[in-house]
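Here is the structure we will look at, set down as structure tokens.
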Amino acid sequence: QVQLVESGGGSVQTGGSLRLSCAASMDLRAAKCVGWFRQSPGKEREGVAGVSGGGSTFYSNFARGRFTISRDNEKNTIYIDMSDLKPEDTAQYYCAVRASGEGWNVCSRSIDITDWGQGTQVTVSS
């Protein structure tokens with residue numbers, strides 16, 4: 001089982017920025033994909049952004065243009081830089097990895113994930 005530890009959550013005002021980090025216990029170069037998801041109270045967990053082993057990226061419609069996913073394979077760390085934050089971005093954000101499996105994947109769906117972080121809260125106030 002892969003251990004994923006997120007950090008960087010917090011409270012910001014509308015229009016602010018945050019960087020979330022996720023330290024992984026595995027060599028991320030071996031992962032099929034890595035990604036970020038979020039969940040608000042009463043809503044299903046949804047994909048925010050992901051990147052495949054080959055570097056292809058996925059962004060949800062709400063994230064495209066405002067969020068950027070990246071990873072540092074030397075540090076085994078995944079990042080997401082979030083800018084122009086809005087109150088509707090308020091959620092628990094989860095780091096995710098698909099550590100193994102067949103075929104290509106970009107970690108856009110919860111069903112594709114093998115390991116989850118514990119989550120970090122992002123709160124955006126108006």
Side-chain angles (χ1 to χ4, degrees):
Q1 188 173 1
V2 179
Q3 303 299 315
L4 301 169
V5 180
E6 298 105 332
S7 60
S11 297
V12 296
Q13 293 188 328
T14 298
S17 300
L18 278 176
R19 165 176 262 204
L20 306 183
S21 301
C22 173
S25 64
M26 71 171 290
D27 182 348
L28 290 180
R29 290 169 294 187
K32 298 295 289 186
C33 59
V34 300
W36 288 92
F37 288 72
R38 72 184 189 183
Q39 188 168 20
S40 304
K43 294 186 177 180
E44 292 189 358
R45 191 169 297 189
E46 60 183 349
V48 177
V51 57
S52 71
S56 298
T57 54
F58 147 79
Y59 290 97
S60 65
N61 287 338
F62 62 78
R64 193 173 296 114
R66 298 189 299 131
F67 296 1
T68 302
I69 188 172
S70 62
R71 64 184 184 184
D72 185 331
N73 289 336
E74 294 300 318
K75 296 181 179 179
N76 291 327
T77 302
I78 308 160
Y79 303 97
I80 188 163
D81 291 287
M82 306 184 294
S83 62
D84 190 22
L85 285 162
K86 306 174 182 181
E88 51 265 42
D89 294 318
T90 295
Q92 188 83 348
Y93 283 73
Y94 296 89
C95 174
V97 166
R98 181 173 176 85
S100 61
E102 297 295 324
W104 179 89
N105 205 294
V106 75
C107 286
S108 62
R109 306 180 304 168
S110 295
I111 195 173
D112 296 322
I113 303 304
T114 58
D115 299 276
W116 296 93
Q118 81 287 354
T120 185
Q121 179 66 32
V122 171
T123 302
V124 185
S125 58
S126 58

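What's counted below: heavy atoms across the whole structure, side chains too, no hydrogens, waters or symmetry copies.
Rounding to the nearest 0.5 Å gives a distance of 12.5 Å between OG of Ser108 and CD of Glu46. Rounded to the nearest 0.5 angstrom, Arg38 CZ and Ser60 OG are separated by 6.5 Å. Note that the OG1 atom of Thr68 and the CD1 atom of Ile80 stand 8.0 Å from one another [nearest 0.5 Å]. Atoms CZ and CZ, on Arg29 and Arg71 in that order, are 10.0 Å from each other to the nearest 0.5 Å.
Between Tyr93 and Glu6 there is no side-chain heavy-atom pair separated by less than 4.5 Å. Between Arg66 and Met82, every side-chain heavy-atom pair lies at or beyond the 4.5 Å cut-off. Using a 4.5 Å heavy-atom threshold, the side chains of Leu28 and Ile78 count as touching. Residues Phe67 and Asp89 form a side-chain contact, since some pair of their non-hydrogen atoms from C-beta on lies under 4.5 Å apart. At least one side-chain heavy atom of Thr14 sits less than 4.5 Å from a side-chain heavy atom of Pro87.
Looking at every heavy atom in both residues, Ser40 comes nearest to Ala91 through OG-CB, 3.5 Å. Closest non-hydrogen pair, Thr90 versus Val124, comes out as OG1-N, 2.9 Å. The two atoms that bring Cys33 and Asn105 nearest to each other are CB-O, 3.3 Å, heavy atoms only.
Note on Lys32 versus Asp112: no salt bridge recorded, every NZ/NE/NH1/NH2 to OD/OE distance being 4.0 Å or above.
Both Leu20 and Val2 belong to a common hydrophobic cluster when Ile, Leu, Val, Met, Phe, Trp and Tyr are linked at side-chain heavy-atom distances under 4.5 angstrom. Under a hydrophobic clustering in which Ile, Leu, Val, Met, Phe, Trp and Tyr are joined whenever their side-chain heavy atoms come within less than 4.5 Å, directly or via other members, Ile113 and Val34 fall into different clusters. Clustering ILVMFWY residues whenever any of their side-chain heavy atoms sit less than 4.5 angstrom apart, transitively, puts Val12 in a cluster other than the one holding Tyr79. Clustering ILVMFWY residues whenever any of their side-chain heavy atoms sit less than 4.5 angstrom apart, transitively, puts Val122 in a cluster other than the one holding Val5.
Around CD of Glu88, the count of heavy atoms belonging to other residues, nucleotides or ligands within 6.0 Å exceeds 12.
For the ring pair (Phe, Tyr, Trp, His ring centres under 6.0 Å) condition, no pair includes a residue of residues 9-33, sequence neighbours left out. Within the structure, ring pair (Phe, Tyr, Trp, His ring centres under 6.0 Å) pairs that include any residue of residues 22-44 comprise Phe37-Trp116 (at least two apart or interchain).
Within the 3.5 Å criterion, the main-chain N or O of Gly8 finds no donor-acceptor partner in the side chain of Thr120. In terms of modelled atom types and a separation under 3.5 Å, the side chain of Arg64 and the main chain of Tyr59 share a donor-acceptor contact.
When each of Asn76, Leu4, Val97 is paired with Met26, the side-chain contact (heavy atoms from CB on, under 4.5 Å) condition holds for Val97 and for no other.
Using a 4.5 Å cut-off between side-chain heavy atoms of Ile, Leu, Val, Met, Phe, Trp and Tyr, Trp104 falls into a hydrophobic cluster with Phe58, Val106.
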